[in-house]
Novice: 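One structure follows; several queries about it will come next.
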Amino acid sequence: MLRFGTFSLISCALIGCASGGGGLADCARSLCGCDKPYTRTVVFQLANKDSSPVSGATLICFDNYESFGTTNHEGVLRVRVQGRTSPGCGFHADCKTAFFQTEEHGWERPFWLHRAVRGEEIDAVERSIKVSVERE
């Protein structure tokens, strides 16, 4: 019972619980603060191990199988990634996991899109994926 009480207390602190139920006052007291919709422009550059660009690769959200677009002849794809942002936790993309699909290889290994658009490294095995976030 003590573990459940501790878990509940910590959960409330993180998500902003309060007696009375919901609203801006609750999110303002949470760890992240109140979030709002936000769209971030991200540039992906896809290359083979030998640094040659991969053109015609489609970036697909694994969560809902929607396409972000296809890389150009330089292996570059500029996309607008939708998500939410908050003062304490920053940007979180709506799409959590994505993958590139090519005619020659089919599905590539999925990667954490929501981490990539926050500036974290992508662990790509067969390809080099460079990500840069444009200033808004």
Side-chain angles (χ1 to χ4, degrees):
M1 187 65 159
L2 182 59
R3 286 185 187 180
F4 179 75
T6 303
F7 174 77
S8 295
L9 185 60
I10 291 171
S11 296
C12 276
L14 292 175
I15 62 174
C17 301
S19 57
L24 284 177
D26 290 346
C27 70
R29 292 193 319 232
S30 73
L31 180 65
C32 292
C34 298
D35 65 354
K36 62 182 179 181
Y38 188 77
T39 302
R40 179 173 273 183
T41 303
V42 182
V43 178
F44 291 89
Q45 185 172 15
L46 185 63
N48 288 310
K49 289 285 187 189
D50 65 359
S51 298
S52 62
V54 178
S55 63
T58 304
L59 180 61
I60 300 172
C61 178
F62 191 75
D63 304 348
N64 58 18
Y65 295 100
E66 289 185 18
S67 169
F68 283 101
T70 304
T71 57
N72 65 15
H73 67 281
E74 296 176 332
V76 174
L77 173 62
R78 184 175 182 260
V79 299
R80 306 260 307 146
V81 178
Q82 295 182 7
R84 302 195 67 75
T85 188
S86 64
C89 294
F91 180 75
H92 289 277
D94 291 342
C95 177
K96 303 299 180 213
T97 310
F99 63 92
F100 279 101
Q101 182 176 7
T102 62
E103 285 188 28
E104 62 188 54
H105 293 296
W107 284 22
E108 302 277 330
R109 179 178 173 190
F111 61 92
W112 296 107
L113 179 72
H114 72 287
R115 290 182 180 176
V117 299
R118 291 174 59 117
E120 295 180 29
E121 291 287 321
I122 296 176
D123 181 24
V125 175
E126 297 177 15
R127 310 270 190 197
S128 164
I129 305 171
K130 294 181 183 175
V131 180
S132 59
V133 178
E134 292 186 355
R135 292 191 181 249
E136 306 280 330

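In what follows, every heavy atom counts, from backbone to side chain, and hydrogens, waters and symmetry copies are set aside.
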Novice: What pairs of residues pass the side chain to side chain donor-acceptor pair (under 3.5 Å) test when at least one of them lies in residues 83-94, not counting sequence neighbours?
Specialist: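 Residue pairs with at least one partner in residues 83-94: Asp35-Arg84, His92-Arg118.
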Novice: What are the two closest non-hydrogen atoms of Thr97 and Asp63, and how far apart are they?
Specialist: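 In this case the closest contact between Thr97 and Asp63 is N-OD1, 3.5 Å.
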Novice: What's the verdict on side chain to side chain contact (heavy atoms under 4.5 Å, CB included) for Val79 and Phe44, showing C-alpha distance, side-chain angles and the deciding distance?
Specialist: CA-CA 8 Å; Val79 299; Phe44 291 89; 3.7 Å; yes
Novice: The criterion is salt bridge (Lys or Arg N to Asp or Glu O under 4.0 Å); which residues satisfy it with Glu104, sequence neighbours excluded?
Specialist: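 Only Arg127 meet the salt bridge (Lys or Arg N to Asp or Glu O under 4.0 Å) criterion with Glu104.
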Novice: Looking at every heavy atom in both Pro87 and Cys34, which two are closest together, and how far apart are they?
Specialist: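 Answer, listing the atom of Pro87 first, then Cys34: CD-O, 3.3 Å.
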Novice: Can you find a heavy atom in the side chain of Leu113 that is under 4.5 Å from one in the side chain of Phe68?
Specialist: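 Leu113 vs Phe68: side chains touch.
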Novice: Restricting to non-hydrogen atoms, name the atom on Val81 and the atom on Ala93 that form the minimum distance, rounded to 0.1 Å.
Specialist: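 Minimum heavy-atom separation between Val81 and Ala93: CG1-CB, 3.6 Å.
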Novice: Between CD of Glu103 and CD of Gln101, what distance do you get to the nearest 0.5 Å?
Specialist: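 So the CD of Glu103 and the CD of Gln101 are separated by 9.0 Å.
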Novice: Tell me, please, which residues at least two apart from Phe91 pass ring-ring contact (aromatic ring centres under 6.0 Å, His included).
Specialist: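 ring-ring contact (aromatic ring centres under 6.0 Å, His included) check on Phe91 returns Tyr38.
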Novice: How close do Lys96 and His114 get, counting heavy atoms only, and between which atoms?
Specialist: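 Where Lys96 meets His114 most closely, the heavy atoms are O-ND1, 3.0 Å.
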Novice: Taking side chain as C-beta onward, heavy atoms only, is Leu77 less than 4.5 Å from Leu46?
Specialist: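 Leu77 does not reach Leu46 side chain to side chain.
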Novice: Using side chain to side chain contact (heavy atoms under 4.5 Å, CB included) as the criterion, list what pairs up with Glu74, not counting sequence neighbours.
Specialist: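 Counting only residues at least two positions away or on another chain, Glu74 forms a side chain to side chain contact (heavy atoms under 4.5 Å, CB included) with Asn72, Val76.
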Novice: Side-chain contact test, heavy atoms from C-beta onward, threshold under 4.5 Å: evaluate it for Phe99 versus Tyr65 and give yes or no.
Specialist: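 Yes, side chains in contact.
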Novice: Could you state whether Phe100 and Trp112 fall into the same hydrophobic cluster, counting links through intermediate Ile, Leu, Val, Met, Phe, Trp or Tyr residues with side-chain heavy atoms under 4.5 angstrom apart?
Specialist: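 Cluster IDs for Phe100 and Trp112 differ.
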Novice: Less than 3.5 Å apart, which donor and acceptor atoms pair up between the side chains of residues 51-61 and the rest of the protein, not counting sequence neighbours?
Specialist:
residue	atom	partner	partner atom	Å
Ser52	OG	Asn48	ND2	3.1
Ser52	OG	Asp50	OD1	2.7
Thr58	OG1	Thr70	OG1	3.2

